[in-house]
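We count ligands from 1, going down the list as the structure has it; atoms in each ligand are counted the same way.
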Amino acid sequence: MMVASRSGIMVALIVAMVAISAIFFVFPEGINAQKEEKTFVTHTGGVVKTSGEVLDPVYQISEVEFDPDKYLREFNYGRVSLENGQTVREFTIIADDDKVQEISPGVFYNVWTFNGTVPGPTIRATEGDLLRINFINNGDKEHTMHFHGEHPAEMDGVFEIVGGNGGQFTYEFEAGPAGVHPYHCHVMPLEEHIAHGLYGVFIVDPKEGRPPADEMVMVLNGFDTDFDTENNFYAANSIPFYYQHHPIQINKDELVRVYVVNMVEFDPINNLHLHGNLYRYYPTGTDVIPSTFTDMITLSQTERGIMEFKYQYTGKYLFHAHKVEFSEKGWVGVFLVKDDGKK
Ligand SMILES: [Cu+2]
């Protein structure tokens, strides 16, 4: 009786094991897949979290990491070599149009990027250097790089359209004139390609250089996250309110030089007001004599210039758009003036 009962239990166990194995064989990932939640982003920027099956048109999230502190004082001089006595600066710039950035807490936006960020890298050279920019378009759409400044027609990035999914073009021209210029994609509809983030700053230093200073770049930009051709967010360097929460540390009595470029789409003007101080302003940075000494400049699209100032008192000072709508939607920051020599 005991023997029969034991073999009965053994048979039952074997049957149970075979049955469980069969379930896993037939549905190898069925049980785990049920629990696993995935995040997708729709083509209109909506974020979908689901453990169910997701049909086209959606794609998996590829989030952009952008650090406005790093961007502020990061200048890219390229791979430097000498050819026939001329300094050559070579850059590789890769365009993408499938990334997503959290513009504001919980607000995701499909950014189009040069080298993975908005704005793209700040390209810097000295007047007369030869620039060689190896442009690779890894996006789905056509893109180009159009530099403001002087160069041959075929290097203008307008008529030489670069196809997506690996299209390439090499831009080669001498840097000039000295100043601060934007670069941006110039494919139609231009408004869309710029508004999504395909722009950056191109600084050309004069041969004789500029006086030593704490140098930084501010790109004034905005994001239309609901696609009504009006911006919902504004910023200096892409993240609304960033420098208000993370003040830019500068030294008392040290010359500060800001390369400022207005890339806001949809709005005809932007402006910049500095508190507790005035600045010398060099429109486009092309002249060595400042045009004005002011606390307020007005900039239309792609208008840019160089601001220079020193603070004689320590403390916190706002800088912001005096177009109040823009500052209340994120275009506001703080300089923290210190006298301990640390930044
Ligand atoms: Cu484009």
Taking only residues at least two apart or on different chains, which pairs with a member in residues 284-295 satisfy side chain to side chain donor-acceptor pair (under 3.5 Å)? none

Any idea how many protein N, O or S atoms are nearer than 2.8 Å to the Cu ion (ligand 1)? 3

Which pairs, with at least one residue in residues 74-98 and sequence neighbours excluded, count as a ring-ring contact (aromatic ring centres under 6.0 Å, His included)? none

Before we go on, tell me: are the rings of Phe335 and Phe319 under 6.0 Å apart, centre to centre? yes

Ring center gap for Phe114 and Tyr183 short of 6.0 angstrom: yes

Mind checking ring-ring contact (aromatic ring centres under 6.0 Å, His included) for Phe66 and listing every partner two or more places apart, or none if nothing turns up? Tyr71

Under a single-linkage definition using a 4.5 Å side-chain heavy-atom cutoff for Ile, Leu, Val, Met, Phe, Trp and Tyr, are Tyr171 and Val187 assigned to the same hydrophobic cluster? no

